[in-house]
Number of protein chains: 2
Amino acid sequence: MVRPTMEDVALRAGVSRALVSLVMRGSPKVSEMRRSAVLKAAEELGYSPHAMARSLASRTSTVLGVMVSDLHNAFFAEVVDGIDEVAREQGFDIIINTGGRSPARERRALESLLSFRPAGLILLSPVVPATAIGKAAEQLPVVLVARSSRVSTVDTVNDDGETGARLAVDHLVSLGHKRIAHLDGGEGTQAGPRRRGYVAAMEAHGLVPQVVSSEYTDAAGARAIRALLTDDALPTAILSCNDFNAVGAISALEDAGLRVPSDVSVVGYDNTSLAALRHVSLTTIDQPRAEFGRLAADALLQRVREERTEPVRHLLNPSLVVRNTTAPPGGQR
Amino acid sequence: MVRPTMEDVALRAGVSRALVSLVMRGSPKVSEMRRSAVLKAAEELGYSPHAMARSLASRTSTVLGVMVSDLHNAFFAEVVDGIDEVAREQGFDIIINTGGRSPARERRALESLLSFRPAGLILLSPVVPATAIGKAAEQLPVVLVARSSRVSTVDTVNDDGETGARLAVDHLVSLGHKRIAHLDGGEGTQAGPRRRGYVAAMEAHGLVPQVVSSEYTDAAGARAIRALLTDDALPTAILSCNDFNAVGAISALEDAGLRVPSDVSVVGYDNTSLAALRHVSLTTIDQPRAEFGRLAADALLQRVREERTEPVRHLLNPSLVVRNTTAPPGGQR
DNA sequence: TCTATTGGTTGGAGCGCTCTAACCCTGTAA
DNA sequence: TTACAGGGTTAGAGCGCTCCAACCAATAGA
């Protein structure tokens, strides 16, 4: 359980510790003879460099910290894939921590990540207060994904929720819908832009917006539908704040004897793997998740290399994915 | 962008660096006066300890490395919750890395985790070869979750897949089913025990097992059903290797004009959040995921504290969750 | 009064590494 | 012959911290 150090390798190879260090860092100014002797000794000893000692001595880091607000949400997994891809290409490693959507736990996760003195930090949809983010940004480059910020040292990558909501409304209107309700995401991240986009799109079509208070869960979607069902005039189409909410809405509609999409059309948001399941086959709005990750990593690495000081605000265009939960209104099949 | 060190805090508080160190480690042998002075200075400076320098100097670590084979799978998120809970209680932090189900990437993730010299390592359903795990286990304590091992220095936490499959078969038999097919998980982790449990349970009931080759995805589940549909005698019940497979199977059945559960019953495995969605409402086998995490962390910390050298092999009992995809056979409602 | 004891505090060495500056060659120019 | 350049190599300092032994009152016991 005790790992060999550079000193051990140097001794065995009959060279100095500094020379071993040069070999390990792939320096060109080492003779081929010594290099192979060192590599052989390292191999025999099972030596591998101590990343922390290295980072301490060099006052640099090749690690990017990634804070995932919710590991349960596959959305973030795809963003992480994108981050990982770019980071690896450029010789960086990532370490992940999660806050489980709890500000307290997330704060601790942030502290923990920070204690490793990574080169930079990417926060995926963080729920900690902006001040905590600002404090972190004083110590290292920070990029926010799926959360906006006014801080000029922080870069952000977001989807354009207003555009996404508009795409959904346009789609429903083009099918002939006029009474389209929006099940709102409440306090959730990105709920605001989606709601605004919905309202704006409805008004642009000369229609009356109807925002129903809800949340980002399937239970909330079902509750919202049950509340709507007590009304006289049920909308002919629903735009949910996300896919989970949409699936809950569909269940509640079916429980009430209504058919989707012949009686009511439903559109989700996020294009999670859930939506793609053939059993669900939900029309929804797709966000380029891996692209979020790639752009976030790129932005971060630019800051790390001090190539840029101006903030970057990426706003990516979502796209509509039509599946089987939308159809013209009025029971036409 | 330059973080204060202990020296800075010491200077500001008018004490020695060693005293600051004692305060930061919560030592009792510090007067209340000095302690508060140090904490105040640290607060003002925005100081937080440098985990790597600490770990380097103390030759110990309070970090547990967690390798998640697939971030897309919410199963692991709940295991991580359990790990995090125990780790935090005992003053340990966790860092996560992921291998994205690719052995090459996972190997690199492992290297990266190892380079931080954590106190121990928990591998969630790793796909790297056993030798790689063995090598890691020579350097630090390792616990495997959802994968077995014969190495005596490695602890394991698994669900008893044989029992789980038996629970499912018993349930279906008690409903009156006789022709029950199993959609197999192929090479996937834990597919073997589930298959064996299914076969054994069928034979115990005097029934003929029918194993259909499939995989852990919804597309594979659908394919397997389409293959079955060409047969004359379709089974009256399906035991899928996991929930995704089950949902794919249900879709294919419905596409073929069959109703679930009145025509065919379907049972999943894992009780993912997907299964709980009211729209899916899948009868399935639940594994105590958070418990997996807790036990894994406990086992690891025992090794870290050198309280135990004998390997531990946890085999947890799964349980049946009856929802709406199972019913008596023969179209009875 | 002097010596022990004890709670609190400190300097210095050292963890495994990088980095700088100096050093030692050998080959070439003057 | 001497000077010089430059590739290859090395000693030593230092990164931010912990740990140990030593130290310093202040109190207690003899």
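Letters go in sequence order (proteins before strands), and every chain restarts at 1.
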Using whole Å, what does the distance between atom C1' of nucleotide C/dT18 and atom CG of A/L56 come to?
10 Å
Side-chain N or O of A/R59 less than 4.0 angstrom from OP1 or OP2 on C/dT18?
no
Hey, is A/R108 close enough to B/D93 for a salt bridge, meaning N to O under 4.0 Å?
yes
Describe the nucleic acid contact of B/R17 in one word from base, sugar-phosphate, nothing, applying a heavy-atom distance below 4.0 Å.
base
Note down the inter-axis angle between the two ends of the helix from C/dT1-D/dA30 to C/dA30-D/dT1, five pairs each, to the nearest 10°.
70°
Residue mapping more 5' on DNA chain C - nearest nucleotide basis, B/K29 or A/M6
B/K29
Looking at residues at least two apart in the chain, or sitting in another chain, which of them share a side chain to side chain contact (heavy atoms under 4.5 Å, CB included) with A/E85?
A/E89, A/R294
Phosphate OP1/OP2 of C/dT10: any B/S16 side-chain N/O under 4.0 Å:
yes
Scanning both residues in full, the closest heavy-atom pair of B/G65 with B/P118 reads N-CB, 3.8 Å
Side chains of A/M67 and A/L124, heavy atoms from C-beta outward: is any pair under 4.5 Å?
no
Which residue lies toward the 5' end of DNA chain C, B/V30 or B/A53, if each is placed at its nearest nucleotide?
B/V30
Charged N to carboxylate O below 4.0 Å: is that the case for A/E32 and A/R35?
yes
Between A/R303 and A/T309, do the side chains contain an N or O donor and an N or O acceptor separated by less than 3.5 Å?
no
State plainly whether the residues B/D84 and A/R105 are in salt-bridge range, i.e. N to O under 4.0 Å.
yes
Checking side-chain polar atoms at under 3.5 Å, does A/D81 have a donor or acceptor matched by the opposite partner on B/H72?
yes
How many Å lie between CG on B/L19 and P on C/dG7, as a whole number?
16 Å
Atom-to-atom span, CG of B/L22 to P of C/dT10 - whole angstrom
10 Å
Between atom CE in B/M33 and atom P in C/dG7, what is the gap in whole Å?
18 Å
Here the distance between atom P of C/dG8 and atom CD of B/E32, to the nearest Å, is 10 Å
Reading DNA chain D 5' to 3', which nucleotide is the first, and which the last, to come under 4.0 Å of any heavy atom in chain A?
D/dG8 to D/dG16
Between B/R107 and B/E111, is the closest basic N to carboxylate O distance under 4.0 Å?
no
